[in-house]
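As the structure is a computational prediction, the values presented were derived from the model and not from experiment.
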Amino acid sequence: MTRTRAAGLLMAICLLAACDDRAPSSLRTHAPQGDRIAHVFWLMFLLAAAVYVVVGGLIVVAATRGRRRGGARPSRASDERFIWLGGIAVPAVILAVLATVTVGSANVLRDPGHDPLRVEVIGKRWWWAVRYPREGITTANEIRVPVGRPVEVLLRSDNVIHSFWVPELNGKMDTIPGQTSVHHFTATRAGTYRGECAEFCGLQHANMNFVVLAEPAADFDRWVVQHRNPPSGPASELEARGEAVFVRSACAGCHTIRGTDARGVLGPDLTDFGGRQSIGAKTVPNDRARLEGWIADPRSIKPGVLMPPTALEPDELQALVAYLESLK
Amino acid sequence: MTVAQEAEHHDPEVVEAWEEAPGVPGFFSTVDHKRIGVRYVVTAFMFFFLAGLMALAMRQQLARPDSNVLSPQTYNELFTSHGTMMIFLFNTPVLAGFGNYFLPLMLGTRDMAFPRLNAFSYWIFVLAGIFMTSSLVIGKAPDGGWFAYTPLTEKAFSPGINMDFWGLGVVFVGISTSVGAVNFLVTAFKMRAPGMTLDRMPVFVWSIVGMAAMVLFAVPAVTLSAGLLEADRIFGTAFFRPDHGGSSLLYQHLFWFWGHPEVYILFLPAAGMVAAIIPTFSRRPIAGYLWVVSSLIAVAFISFGVWVHHMFVTGMPVLAMSFFSAATLVIAIPAGVQFFSFIATMWKGVVRFATPMLFALGFLLIFLLGGITGVMVAVMPFDWQVHDSYFVVAHFHYVLNGAVVFPIFGALYYWVPKMTGRMLHERLGKVSFWTMFIGFNGAFFPMHILGLLGMPRRIYTYPSGLGWDGLNLIVTLASFVFALGTGLTLVNLIWSWKRGRAAPDNPWDGDTLEWSTTSPPPEWNFEAVPVVGSRHPLWDDGGLGYAVVDGDPVTASLGREGAKARATPVLTGVDAIPEAIMAIPHESYLPFLVALGIAVIFFGLLVKAALVGIVGLVLGAFAIMRWAWFTEADLR
Amino acid sequence: MTAVVVPARRPGLPLGWWGMAALIATEATIFAALIGSYFFVRATSPEWPQGGIEPPELARIWVFTFVLLASSAPLFWAEAAVRRGRLGQVRAALLVSFVLGAAFLTNQILEYRELGFGVRDNAYASLFYGITGLHGSHVAVGLLMNLVVHVKARLGRVGPDRHLTLTLFAMYWHFVDVVWIFVFSSLYLSAHVR
């Protein structure tokens with residue numbers, strides 16, 4: 001096939017892929033911040049396409065002109081004017097437009113909005129600690145927010161630099177040890193939005209993903225009420241046994257479950273673990289079989305993770321898993 | 001009589017004055033800029049193919065989701081080594097290599113200003129390259145990313161020896177770049193042919209001058225960023241450690257203060273190569289010479305004012321970052337000027353589509369896109385979405401692979417006939433170009449989409465169901481096509497080494513002085529140095545001009561007297577009027593010995609053996625002192 | 001086409017001069033970046049010096065600052081003397097410069113021992129030792145260069161029209177002294193400014 005057709009086909013494949021709605025796409029956004037950036041993108045894309053077609057066309061014409069005419073034909077255009085117009089005047093106009101767009105958008109994106117919901121997020125290796133200071137809730141790897149209310153995220157790290165990125169809601173912001181960075185978004189549609197760590201942070205950077213769960217305000221309020229108090233405790237004998245295993249094993253040294261004596265802070269808070277979608281920051285889905293595997297040897301699932309293997313009797317493991325899955 | 005009339009055939013006295021020892025001894029002691037230039041190019045290409053294989057391995061891993069072809073540790077080592085090797089051990093040295101070979105020829109002089117320093121800078125490069133590559137051999141390759149951000153690369157989070165290869169290696173290889181820059185600047189300033197005023201210097205020479213000036217002021221920043229990181233790692237200092245009052249942002253500022261100029265350090269000579277190729281194959285002088293030179297200088301200056309655009313997501317005040325955003329947009333203008341100058345040159349000319357020209361055209365089409373996406377990421381809010389995603393990976397490969405590697409391949413086809421005396425196979429060259437062009441775009445264009453679809457960079461795997469699978473597969477397949485294309489040029493080079501058609505002096509009818517010599521040139525470049533009266537000495541009516549000898553020794557050094565004495569004239573900086581004679585040093589082992597001493601110092605630091613370091617220090621110091629001993633004997 | 005080439009009346013600065021100038025430019029940039037780093041860390045620190053360290057004492061370092069700057073003066077004398085072929089004066093001048101430079105370095109080593117903090121303590125400490133240490137090592141290398149030129153002069157390898165090593169050494173030494181002015185102002189003087 002001709003080269004032009006091949007190029008067109010490639011572009012078509014790519015644009016079709018861009019319409020894929022399974023992707024955490026920065027072009028199908030559900031927040032005013034992300035929307036604004038997407039608009040900026042489309043404006044730039046149109047300008048870019050126009051520039052590429054025009055200048056690319058000039059290149060092709062310039063390269064073939066002499067041959068088509070059968071020899072160098074003097075052109076009336078002057079070199080200087082051509083270079084001035086194409087290299088300075090027209091770019092300057094385009095760049096001025098972009099500079100205005102830049103400054104205008106940047107300020108809008110940093111606007112906190114009215115009465116924002118404050119969430120503290122700390123980048124860890126390789127998971128995300130999440131805390132709602134006013135609501136008194138601590139969780140991990142899942143950030144629940146009400147639809148329509150501005151969210152102010154305070155980003156920190158106590159180890160290496162990570163980056164908090166939910167493409168469908170807003171751009172990203174690094175978590176840098178020694179400083180607190182402030183980030184904003186307002187989810188405008190209920191849904192589950194994939195979040196990723198976007199700054200290389202070591203061995204399991206690829207498996208440090210999280211979700212933002214946007215839900216109607218009423219549902220969110222219900223969740224807050226349900227979780228701000230410690231869980232009601234094990235409902236069955238199996239679960240009670242599981243709780244005992246948890247508290248007396250190494251688990252309690254690293255993890256916190258409110259309502260028990262486990263107050264470890266090295267690993268994620270597990271108070272609402274049963275309700276979470278995944279284990280290990282979206283490394284694997286959260287179900288019993290995988291949880292057993294994780295507890296027994298997390299490093300076989302996520303090599304390099306800081307959680308060590310835990311040797312338990314099979315019945316102890318089963319009780320523990322039942323207990324953990326009951327924490328909702 | 002003119003110097004040209006004297007230089008009719010190879011005088012045995014001239015031959016003898018320039019002879020170097022054959023075989024292994026000569027290998028270590030040469031100071032001939034052409035031999036050194038060839039070595040730079042060959043060594044750099046070895047690193048190119050090695051780093052390229054690493055990229056193919058990475059693409060193998062990313063072809064399918066949830067893949068375990070490579071472990072995360074191996075993957076992280078690969079992408080770190082790929083980037084580090086491509087920037088430090090391929091792109092920078094290969095351009096220096098072409099500069100080394102062709103600067104004296106284009107300027108009309110017989111060697112660089114400091115031939116032994118030239119040899120030294122090559123030995124540092126090779127030894128530093130071996131130093132860094134040895135990490136792969138022992139399975140402890142650097143794994144912290146090619147920019148090695150702290151605190152990840154501090155001892156606490158990277159306890160192994162891996163990152164020490166990187167930090168020490170970067171400081172080590174920086175010596176070569178800095179010293180090479182000194183050589184380029186002084187050569188271009190003081191050793192041009194008579195009559196070659198500054199506004200008659202070829203654009204390629206200007207691009208090397210711009211590059212060298214930038215190196216002088218940029219490399220110290222990366223020497224510091226890597227050097228202080230190593231001080232933190234080896235000696236426990238606290239420059240970048242937040243828990244001891246240090247700043248990890250300081251690391252980023254220092255690194256990118258070099259990092260951004262570095263990409264223009266690479267771009268300028270590449271654009272200079274294109275500026276040499278396009279006029280030749282359009283059969284007309286470059287359009288807007290003064291515009292092009294001014295824009296090269298403008299780029300060199302402005303590039304120092306944009307580095308924060310690599311740090312837009314670090315939470316700095318928007319007002320401060322806006323300044324850098326604006327400056328980054330502004331730099332598009334001098335780039336645009338060069339672009340339109342190239343187009344204008346072709347417009348009124350008749351373009352011959354030989355292989356070098358194809359690569360130049362490929363450069364234009366690729367760099368146009370890369371420059372456009374560069375302007376896009378300069379817009380801060382957009383960068384907040386695509387920073388550290390595959391969009392940015394696409395952008396920098398378009399500008400660093402497309403806009404630097406394509407000109408380099410064009411320069412190979414253009415200049416290798418001059419260097420080896422044999423033409424490359426034209427048909428194979430064209431096939432190589434098209435394979436590379438198609439493979440390149442197929443591999444890197446889809447990455448823009450992947451970035452917009454939320455795929456971050458530096459992830460060793462990704463889950464299925466995110467819509468990334470198909471595009472990643474296309475990228476992988478196309479990257480193998482691109483690699484095949486580069487391999488075809490390698491085959492071409494090897495084949496033509498022995499079987500290529502003999503190259504005439506000026507196979508392309510070029511306009512600059514290197515085409516006035518034989519292919520390859522004799523050791524002394526010019527038995528008679530021409531007098532230059534225009535920007536295009538070989539296109540002037542009446543051919544090259546030569547000086548009239550009237551008994552003055554300085555003028556006589558332009559001709560056979562100078563060649564016999566193994567000397568070359570030194571001229572005034574602006575007007576290129578001969579003022580003195582420089583005797584070119586004879587071959588010497590000292591450059592190699594000093595480089596070896598320095599290598600031993602770095603090795604001692606790597607293994608934390610003070611005694612080893614001291615041995616290197618002593619060896620290096622003695623060799624330097626002996627070198628300084630003979631300074632005056634070589635000058636008149 | 002032929003041309004009459006008229007050589008310049010007097011040769012300009014030697015090539016080595018330009019080379020050393022370029023090297024000095026790049027070395028100066030290292031010091032500038034280090035001093036910039038010092039001020040960057042300072043601007044982002046709540047207290048300075050960090051960790052309760054006292055700002056550096058000034059009395060003695062003022063004296064030795066003048067000692068170091070004074071060590072540049074004899075080199076002007078040496079360059080004038082070598083043009084007249086007075087090698088004895090050249091060597092005397094080099095010796096005076098050496099003694100002054102060595103005195104500065106000795107004081108620095110003694111000062112290091114009296115400082116109450118170590119290089120690892122915090123970023124301030126690392127920067128202080130790092131910057132003064134880098135400068136001090138440049139002084140040490142300069143003293144070595146001084147010796148080399150001195151020995152060359154003794155062996156008659158230096159003369160009115162072959163004194164490039166002396167010129168290059170003098171350039172380097174003046175550079176080292178000028179750098180000290182900046183280091184002194186930034187690390188010593190400005191630390192006392194609140």
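Residue C:F66 places its CZ atom among 12 or fewer non-hydrogen atoms of other residues, nucleotides or ligands, all under 6.0 Å distant. The number of heavy-atom neighbours closer than 6.0 Å to CZ of C:R60, taken from other residues, nucleotides and ligands shown, is above 12. Atom CD of C:E57 sits in a sparse spot, with 12 or fewer heavy atoms from other residues, nucleotides or ligands closer than 6.0 Å.
Ranking B:V215, B:N183, B:V182 against chain C, the residue ahead of the rest is B:V182, based on heavy-atom pairs under 4.5 Å. Taking chain C as the reference chain and counting heavy-atom pairs below 4.5 Å, the highest number among B:S247, B:G245, B:A218 is found for B:G245. For the options C:A32, C:G51, C:G130, C:S126, heavy-atom pairs under 4.5 Å to chain B are most numerous at C:S126. The candidate from C:S45, C:S37, C:A33 with the greatest count of non-hydrogen atom pairs under 4.5 Å with chain B is C:S37.
Heavy-atom distances place both the backbone and the side chain of C:L34 under 4.5 Å from chain B. Residue B:F189 touches chain C through its side chain alone, counting heavy-atom pairs closer than 4.5 Å. For B:F217, the parts lying near chain C are the backbone and the side chain together; criterion is any non-hydrogen pair under 4.5 Å. At a 4.5 Å heavy-atom cutoff, the contact between C:V148 and chain B is made by backbone and side-chain atoms alike. With a threshold of 4.5 angstrom between heavy atoms, B:L117 does not approach chain C through any atom at all. Contact of B:L250 with chain C is made through backbone and side chain together, with heavy-atom distances under 4.5 Å.
Residues of residues 94-125 of chain C lying under 4.5 angstrom from chain B, judged on non-hydrogen atoms, are C:V119, C:R120, C:D121, C:N122, C:A123 by number.
Side-chain N/O atoms of C:Y38 and C:W48 include a donor and acceptor closer than 3.5 Å.
Side-chain atoms of B:V574 and B:T197, non-hydrogen and from C-beta on, never get closer than 4.5 Å to each other. Using a 4.5 Å heavy-atom threshold, the side chains of B:E262 and B:M214 count as separate. Side-chain contact between B:L249 and B:T314 is present, with at least one heavy-atom pair separated by less than 4.5 Å. Residues C:L58 and C:H192 are in side-chain contact: their nearest non-hydrogen atoms beyond the backbone lie under 4.5 Å apart.
Under the 30°/60° scheme for interplanar angles, the aromatic rings of B:H536 and B:W539 are found to lie parallel. Between C:F184 and C:W180, the ring-plane angle classifies as parallel under the 30° and 60° cut-offs.
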Side-chain atoms of residues 229-242 of chain B: list all donor-acceptor pairs with protein atoms under 3.5 Å, sequence neighbours left out, distances to 0.1 Å.
| unit_1 | atom_1 | unit_2 | atom_2 | d |
| --- | --- | --- | --- | --- |
| B:D232 | OD1 | B:T237 | OG1 | 2.6 |
| B:D232 | OD1 | B:A238 | N | 3.3 |
| B:D232 | OD1 | B:F239 | N | 3.0 |
| B:D232 | OD2 | B:F240 | N | 3.0 |
| B:R233 | NE | B:D164 | OD1 | 2.8 |
| B:R233 | NH1 | B:T153 | O | 2.7 |
| B:R233 | NH1 | B:S158 | O | 2.9 |
| B:R233 | NH2 | B:S158 | O | 3.2 |
| B:R233 | NH2 | B:G160 | O | 2.8 |
| B:R233 | NH2 | B:D164 | OD2 | 3.3 |
| B:T237 | OG1 | B:A231 | O | 3.2 |
| B:T237 | OG1 | B:D232 | N | 3.0 |
| B:R241 | NH1 | B:G236 | O | 3.2 |
| B:R241 | NH1 | B:T237 | O | 2.9 |
| B:R241 | NH2 | B:H244 | ND1 | 3.2 |

